[in-house]
Amino acid sequence: MNKPTSATANQQWGGRFTAGPAAIMQQINASIGFDRTLWRQDIRASRAHAEMLAHVGVISADDKSAIDAGLADIAGQIAAGQFDFTEALEDIHMNIEARLTERIGEAGKRLHTARSRNDQVATDFRLWVRDTIDGLEAQIIDVMGALATRAAEFAAAPMPGFTHLQTAQPVTLGHHLLAYVEMLARDRGRLADARARMNECPLGSAALAGTSFPIDREMTAAALGFDRPTANSLDAVSDRDFALEFLGAAAICAMHLSRFAEELVIWCSAPYRFVALSDAFTTGSSIMPQKRNPDAAELVRAKTGRITGGLVALLTVMKGLPLAYAKDMQEDKEPVFDAAAALALCLAAIAGMARDFTPDLARMERFAGAGYATATDLADWLVRELKMPFRQAHHVTGRLVASAEAAGLELAALPLAAMQAEEPAIHEGVFAVLSVASSVASRRSYGGTAPENVAAQAARWLALLGQETPA
Ligand code: ARG
């Protein structure tokens with residue numbers, strides 16, 4: 001274990017070193033196993049850096065051309081799976097730089113002028129998170145579109161609305177689905193906010209203090225699509241709040257998806273049977289032939305754990321680090337890569353299930369009226385028609401529910417005489433508000449569940465998303 005891995009020191013800093021690292025030193029130090037994910041961003045940033053170095057006269061135009069061609073070649077090799085990554089070269093930055101020098105000689109050795117791996121990794125990682133946010137945003141839009149389309153379809157379909165998972169008041173399925181569209185719109189906004197804040201270029205901050213070379217940081221920032229260069233070199237190489245914001249936004253989005261997944265799990269359980277998922281999104285049991293398990297929904301629910309875990313992991317890595325860079329920060333990547341992959345899977349699975357599920361509308365409507373779900377409508381009627389104070393109406397309604405329950409009846413089936421026994425002023429008119437249909441139709445307040453509101457909201461979302469409202 002304590003034996004050097006090779007007789008020779010690392011070629012990148014061999015001047016001060018005579019021997020190679022212990023095997024375990026190399027193993028714990030290497031990040032190439034995971035940071036190879038950054039190869040596209042690393043090459044892109046190096047090409048922009050070389051272009052700038054030539055522009056300001058730090059390297060020659062010939063060297064720049066050689067570097068550029070060499071990096072393009074390496075990109076082709078990596079893309080084709082023909083690049084031999086080595087642990088001895090630690091990370092993606094040194095793997096690529098060493099290969100470049102192998103290929104083009106002297107010019108390759110000039111690329112690392114006026115930069116450090118510290119600003120390099122900060123730049124590559126920001127580029128990667130930015131690209132990833134763009135992909136996730138497209139996926140969020142897809143899920144929103146799928147949900148809004150179903151919401152338009154079921155704008156008038158009643159289902160029980162719950163609080164405490166107890167039947168509360170009837171709502172429509174469309175209204176319920178649009179609640180998730182609202183959540184996802186905010187998730188998209190959070191990712192966009194994080195993207196806008198992280199869009200400053202660390203390249204040229206060098207190791208921590210900047211550089212004495214006459215570099216043009218505006219030029220590299222623009223070439224890489226950043227809004228501007230970062231203004232403080234210490235901050236630029238040592239903060240990872242952009243990654244944390246990404247993880248925070250991802251964790252919140254995953255939590256939202258997990259709640260929907262949980263509802264799908266509940267809704268397709270045998271006692272509920274509100275919805276069915278097709279063969280495409282369920283699995284069977286090897287022993288119980290009747291089973292149809294909602295594994296995809298369960299895994300969306302479960303993957304939230306690793307995304308939240310990634311956020312906590314990186315916060316913990318960062319919280320005790322003095323400025324500027326410390327090697328601890330190499331641990332920033334895996335949680336972010338893992339969270340991004342998990343969230344992409346979750347979004348794709350939810351999009352699929354949102355399009356796949358078939359609701360049992362008759363059953364949902366039946367349960368929408370069960371459990372005295374229109375009791376609030378009765379209390380509101382007493383206030384409106386009999387001018388009763390709401391607190392008193394609440395009490396009278398409670399007694400009516402109790403007598404209905406004792407008689408084994410729903411509220412709408414309770415005879416008028418039985419109602420008048422509790423409150424003599426009640427008249428026939430009350431029955432008009434006791435149905436599920438009248439209950440949902442009456443909730444026309446802005447943001448309420450009335451079918452016309454829901455249809456308008458679904459249409460609004462579909463228009464915003466550039467999609468057509470289904471006929
Ligand atoms: N692989 C390193 C990381 O991900 C790159 C930066 C290393 N810098 C250094 N001075 N050792 O953080």
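Counting starts at 1 for both ligands and their atoms, following the listed order. Here the structure is a predicted model, which means the values were calculated and not measured.
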K.L.:
Could you go through the side-chain contact (heavy atoms from CB on, under 4.5 Å) check for L184 and V181 one step at a time?
P.N.:
CA-CA 5 Å; L184 287 163; V181 175; 5.8 Å; no
K.L.:
Could you check whether the rings of Y272 and F274 sit parallel, tilted or perpendicular, using 30° and 60° as the cut-offs?
P.N.:
perpendicular
K.L.:
Sort and list the pairs that fulfil side chain to side chain donor-acceptor pair (under 3.5 Å) and have at least one residue in residues 343-354, not counting sequence neighbours.
P.N.:
none
K.L.:
Write out the protein residues near ligand 1, meaning a non-hydrogen atom under 4.0 Å from one of its atoms, in order of chain and number.
P.N.:
S31, D35, D91, H93, R117, N118, V121, Y325, K327, Q330, K333
K.L.:
In residues 315-329, what donor-acceptor pairs under 3.5 Å come from side-chain atoms, sequence neighbours left out?
P.N.:
residue : atom : partner : partner atom : Å
T316    : OG1  : V312    : O            : 2.5
K327    : NZ   : N29     : OD1          : 2.8
K327    : NZ   : E90     : OE1          : 3.0

K.L.:
Relative to each other, are the rings of F242 and F125 parallel, tilted or perpendicular (30° and 60° limits)?
P.N.:
perpendicular
K.L.:
Can you list the residues that meet the side chain to side chain contact (heavy atoms under 4.5 Å, CB included) rule with A146, with sequence neighbours excluded?
P.N.:
A354, R355
